[in-house]
Amino acid sequence: MQYFIGIVPPDDYKEQISSFRNQWASNRLRDVVEPHITVKAQGGLTEDMRWLENVRLTCSLFQSFKLTLSEPATFGTAVTFLSVETNKIYDLHNRLVESVSPTPDLIKRYLELERGSILMSLDSVVVG
């Protein structure tokens with residue numbers, strides 16, 4: 001099983017996003033996962049879940065914050081996404097990566113610690 005750490009938007013946003021992404025029959029994402037912002041990719045999130053307590057502690061110590069989603073954009077023709085606009089989410093991402101301690105190879109593979117890598121995917125799954 002693969003894990004990731006994400007933020008699920010409020011129901012009204014979630015419904016709007018689902019409606020938008022369900023316009024395309026070829027959209028594989030709707031069958032896999034609800035709308036979310038991936039804050040920490042799967043690198044280091046192993047099945048033994050030894051990382052879970054560190055993640056809980058990291059999140060409990062982090063103050064809540066507001067964020068803004070931008071207009072849709074794309075990676076080529078495969079992925080449509082909404083960018084996330086707030087520095088706080090990058091701070092949370094960095095702390096989660098630190099608390100999980102993935103290998104440098106996994107950090108590189110899943111684009112961890114890169115500015116601009118946090119987004120809300122709308123129409124595909126990117127696998128490294």
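Since we're looking at a predicted model, the values are computed, not measured.
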**Shortest non-hydrogen contact from Pro35 toward Pro9** = O-CD, 3.3 Å
**Asked** Does the pair Gln42 and Tyr110 meet the rule for a side chain to side chain contact (heavy atoms under 4.5 Å, CB included), with working shown?
**Response** CA-CA 8 Å; Gln42 59 261 41; Tyr110 293 108; 3.2 Å; yes
**Asked** Do other residues, nucleotides or ligands put more than 12 heavy atoms under 6.0 Å from the CD atom of Glu85?
**Response** yes
**Prompt:** How far does CD1 of Ile17 sit from CG of Asp12, to the nearest 0.5 angstrom?
**Reply:** 9.5 Å
**ILVMFWY cluster, Met49 and Val100 together (side-chain gap under 4.5 Å)** = yes
**Heavy-atom closest pair, residues Phe62 and Arg95** = CD1-NH1, 3.5 Å
**Evaluation steps, side chain to side chain contact (heavy atoms under 4.5 Å, CB included), between Thr46 and Tyr3** = CA-CA 8 Å; Thr46 56; Tyr3 299 99; over 6 Å; no
**Request:** State whether Lys14 and Asp11 are salt-bridged, where the test is any N-O pair (Lys NZ or Arg NE/NH1/NH2 against Asp/Glu carboxylate O) under 4.0 Å.
**Result:** yes
**Asked** Measuring from Leu67:CG to Ser83:OG, what's the distance to the nearest 0.5 Å?
**Response** 12.0 Å
**Spacing of Glu53 atom CD and Thr58 atom OG1 [to the nearest 0.5 Å]** = 10.0 Å
**Prompt:** Under a single-linkage definition using a 4.5 Å side-chain heavy-atom cutoff for Ile, Leu, Val, Met, Phe, Trp and Tyr, are Val84 and Val8 assigned to the same hydrophobic cluster?
**Reply:** no
**Asked** Looking only at heavy atoms, what is the nearest atom pair of Pro102 and Gly43, with distance?
**Response** CB-O, 3.6 Å
**Prompt:** More than 12 non-hydrogen atoms from neighbouring residues, nucleotides or ligands closer than 6.0 Å to CZ on Phe65, yes or no?
**Reply:** yes
**Item:** CA sep, side-chain torsions, deciding dist, call: Glu112, Leu106, side chain to side chain contact (heavy atoms under 4.5 Å, CB included)
**Value:** CA-CA 8 Å; Glu112 303 273 41; Leu106 288 174; over 6 Å; no
**Fill in**
Under a side-chain separation threshold of 4.5 Å, the hydrophobic residues clustered together with Ile107 are Val97, Leu113
**Prompt:** Does Leu45 reach the side chain of Leu52, with side-chain heavy atoms less than 4.5 Å apart?
**Reply:** no
**Prompt:** Would Thr103 and Asp105 count as having a side-chain donor-acceptor pair, cut-off 3.5 Å?
**Reply:** no
**Request:** Please answer whether the main-chain N or O of Leu96 pairs with a side-chain N or O of Ser99 as donor and acceptor at a distance below 3.5 Å.
**Result:** yes
**Prompt:** Rounded to the nearest 0.5 Å, how far apart are NE2 of His93 and OG1 of Thr38?
**Reply:** 10.5 Å
**Request:** Kindly compute the distance separating OH (Tyr13) from CD1 (Ile37), expressed to the nearest 0.5 Å.
**Result:** 11.0 Å
**Request:** Could you check Ile89 against Ile7 for side chain to side chain contact (heavy atoms under 4.5 Å, CB included), going step by step and ending with a plain yes or no?
**Result:** CA-CA 10 Å; Ile89 202 160; Ile7 297 173; 4.0 Å; yes
**Request:** Output yes when a side-chain donor or acceptor of His36 lies under 3.5 Å from a complementary backbone atom of Glu34, and no otherwise.
**Result:** yes
**Message:** Donor-acceptor pair, distance only, cut-off 3.5 Å: does the side chain of Ser19 make one with the backbone of Gln16?
**Reply:** no
